[in-house]
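The chain is numbered in sequence order, starting from 1.
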Amino acid sequence: MASFLTEEDAKRMISRIADKILESKPLLTELDSHIGDGDHGIGMAGGMQKAKDSVLNAENSGNVYGVFERAGRAMLTMGGASGV
């Protein structure tokens, strides 16, 4: 039997990815400080927190596309190399 990604699965996935990026903020910032201006972790964490909040606080749209669209729109606020 085929298994399909549900809206709740997509929300959990975005949330988990955001949590891992948030946990990695210090490492990403440190690594970027060696080759850039040291703001990569800050930008990624901010954008992923917005994506997580956006998908978890939105009303259900009935499909996974709405989840990914909300996450993507939230991440548009990220600047630098992690942004658009």
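Linking Ile, Leu, Val, Met, Phe, Trp and Tyr residues whenever their side-chain heavy atoms come within less than 4.5 Å leaves I21 and I42 in two separate clusters. Criterion: ILVMFWY side-chain heavy atoms under 4.5 Å apart, direct or through other members. Under it, M48 and M13 are part of a common hydrophobic cluster.
Among all heavy-atom pairs drawn from A74 and S54, the shortest one is CB-CB, 4.0 Å. Counting all heavy atoms, side chain and backbone alike, A58 lies closest to R70 at CB-NE, 3.1 Å. Contact record, A45 with L22: O-CD2, 3.4 Å, taken as the closest heavy-atom pair. The minimum heavy-atom distance linking K52 with A18 is given by the pair CB-CB, 3.8 Å.
One finds the CG atom of L5 at 5.5 Å from the CZ atom of F68 (value rounded to the nearest 0.5 Å).
N57 places a side-chain N or O within 3.5 Å of a backbone atom of D53 that can act as its donor or acceptor partner. Side-chain N or O atoms of D9 include none that pairs as donor or acceptor with a backbone N or O of R12 at under 3.5 Å. No donor-acceptor pair under 3.5 Å is formed between the side chain of S24 and the backbone N or O of L27. Proximity of a side-chain donor or acceptor of N60 to a complementary backbone N or O of G62 within less than 3.5 Å is not detected. For E7 (side chain) and V64 (main-chain N/O), no donor-acceptor pair under 3.5 Å exists by modelled atom type. No donor-acceptor distance shorter than 3.5 angstrom exists from the side chain of S15 to the backbone of K11, with no hydrogens or angles considered.
Residues T29 and D39 fail the side-chain proximity criterion, which asks for heavy atoms closer than 4.5 Å. Proximity of M44 to M78: side-chain heavy atoms (C-beta onward) are separated by under 4.5 Å at one or more points.
Using a cutoff of 4.0 Å between basic side-chain nitrogens and carboxylate oxygens, D19 and R16 are not scored as salt-bridged.
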**OP:** Evaluate the side-chain contact (heavy atoms from CB on, under 4.5 Å) criterion for residues T77 and K50: first the C-alpha distance (whole Å), next the side-chain angles of each, then the deciding distance (0.1 Å), finally the verdict.
**Re:** CA-CA 9 Å; T77 63; K50 288 178 183 178; 3.4 Å; yes
